[in-house]
Amino acid sequence: MREKIEREVAPRLIVAASTVTLPARIAAAARRASGRSGRLELYFGFDDPASAFAVIDLAQRLEGRKLIFDLKPVVERGIEGDPALERKHAYAIVDGRRLGRRIGLTLSRSEPIAPSQAAFLAAWVAAAPRGAALTRFCDAACRMIWFESDGALEAAPYEALWHQCFGSAPTGDEAAVRANEKQMTRRGPYETPAAWVAGRWFFAQDRSAQIADWLDELGWRVK
């Protein structure tokens with residue numbers, strides 16, 4: 001029953017809730033009146049090719065909008081004890097090739113990455129301040145992992161990339177990753193990549209255009 005709810009009922013409730021737009025538009029106008037920016041939360045995994053696509057694609061689409069791109073990496077997610085987990089990991093590679101072609105990139109990996117392999121990256125990003133430097137790092141790291149390399153993830157190239165983006169060494173915060181995972185669960189979704197914008201959920205790998213449209217409806221495009 002729990003699996004049925006997570007797979008079928010929850011997405012339907014999310015879609016139904018998304019039809020109510022007036023409160024979100026009023027709240028966005030209030031934020032602008034007080035000089036604040038909008039916010040897009042993206043829950044993603046560095047071990048997930050669909051997440052890599054979402055990070056890269058959204059980073060491009062969000063240009064020209066007064067918005068905080070709140071990148072929230074997670075490690076543990078999904079349905080506990082999911083019997084189809086291995087098949088999902090295998091399909092993620094197939095789907096990653098499809099998604100990569102959308103943005104002119106070719107997937108360089110033929111095998112899944114275990115979430116634990118990329119946990120160090122999640123800890124770095126979860127501890128860092130949101131902003132342009134973090135977006136640049138996540139964009140470049142996702143490209144390196146999924147479209148420019150193969151084999152085990154080594155920390156050294158990503159430490160060098162971090163220094164290029166921030167001018168300092170990374171510091172990890174596993175507690176911040178756990179907090180992201182808990183917040184993602186409270187929001188509703190159980191798998192990545194998932195975007196949250198002004199009370200509305202999107203499955204980010206296939207809804208980036210709709211996310212941009214929703215942001216424009218809320219008035220976040222800079223005129």
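Quick note: residue numbers are just sequence positions, from 1. The analysis underlying the following values was restricted to heavy atoms, covering all of them including side chains, and did not include hydrogens, waters or symmetry mates.
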Notebook entry, point to check: How are the rings of Phe46 and Phe137 set relative to one another: parallel (under 30°), tilted (30 to 60°) or perpendicular (over 60°)?
Noted result: perpendicular

Are [Y] and [X] co-members of a hydrophobic cluster defined by side-chain heavy atoms under 4.5 Å apart?
| X | Y | answer |
| --- | --- | --- |
| Phe166 | Phe69 | yes |
| Leu58 | Trp220 | yes |
| Phe120 | Met144 | yes |
| Val177 | Val55 | no |
| Val75 | Ile113 | no |

Is the side chain of [X] donor-acceptor paired with the backbone N or O of [Y] at a distance under 3.5 Å, no angle test?
| X | Y | answer |
| --- | --- | --- |
| Ser51 | Phe44 | no |
| Glu181 | Glu76 | yes |
| Asn180 | Val74 | no |
| Arg221 | Leu215 | no |

Would you say that [X] contacts [Y] through its side chain, given a criterion of any heavy-atom pair below 4.5 Å between the two side chains?
| X | Y | value |
| --- | --- | --- |
| Val197 | Leu218 | yes |
| Ile93 | Pro112 | yes |
| Arg61 | Leu40 | no |
| Val125 | Trp162 | yes |
| Asp57 | Leu99 | no |
| Ile145 | Leu121 | yes |
| Pro189 | Trp201 | yes |
| Leu107 | Phe147 | yes |

Just verifying a value: how many Å separate [X] [atom1] and [Y] [atom2], rounded to the nearest 0.5 Å?
| X | Y | atom1 | atom2 | answer |
| --- | --- | --- | --- | --- |
| Leu67 | Leu62 | CG | CG | 5.5 Å |
| Ile56 | Ile103 | CD1 | CD1 | 4.5 Å |
| Ser208 | Gln210 | OG | CD | 7.0 Å |
| Arg98 | Gln205 | CZ | CD | 7.5 Å |
| Trp124 | Tyr158 | CH2 | OH | 9.5 Å |
| Thr135 | Glu63 | OG1 | CD | 10.0 Å |

Next item on the list: Test Arg187 against Tyr43 for side chain to side chain contact (heavy atoms under 4.5 Å, CB included), laying out the working first.
Entry: CA-CA 11 Å; Arg187 295 290 202 197; Tyr43 297 86; 4.1 Å; yes

Note to self: Walk me through whether Lys72 and Gln183 qualify under side chain to side chain contact (heavy atoms under 4.5 Å, CB included).
What the structure shows: CA-CA 10 Å; Lys72 291 181 173 291; Gln183 186 178 46; 3.2 Å; yes

Notebook entry, point to check: In the hydrophobic cluster built from side-chain contacts under 4.5 Å, what are the other members alongside Tyr91?
Noted result: Val94

Any idea which heavy atoms bring [X] and [Y] closest together, and the distance?
| X | Y | value |
| --- | --- | --- |
| Pro49 | Gly96 | CB-CA, 4.0 Å |
| Ala198 | Ala24 | O-CB, 3.8 Å |
| Ser34 | Arg31 | OG-O, 3.0 Å |

Item checked: Qualifying side chain to side chain donor-acceptor pair (under 3.5 Å) pairs with a residue from residues 140-152, counting only residues at least two apart or across chains -> Arg109-Ser149, Asp139-Arg143

Next item on the list: Answer yes or no on whether Arg39 is positioned over the face of Trp196, meaning its NZ or CZ is under 6.0 Å from the six-membered ring centre and within 45° of the axis.
Entry: no

Margin query: Salt bridge or not between Glu191 and Lys88? Use side-chain N to carboxylate O under 4.0 Å.
Written below: no

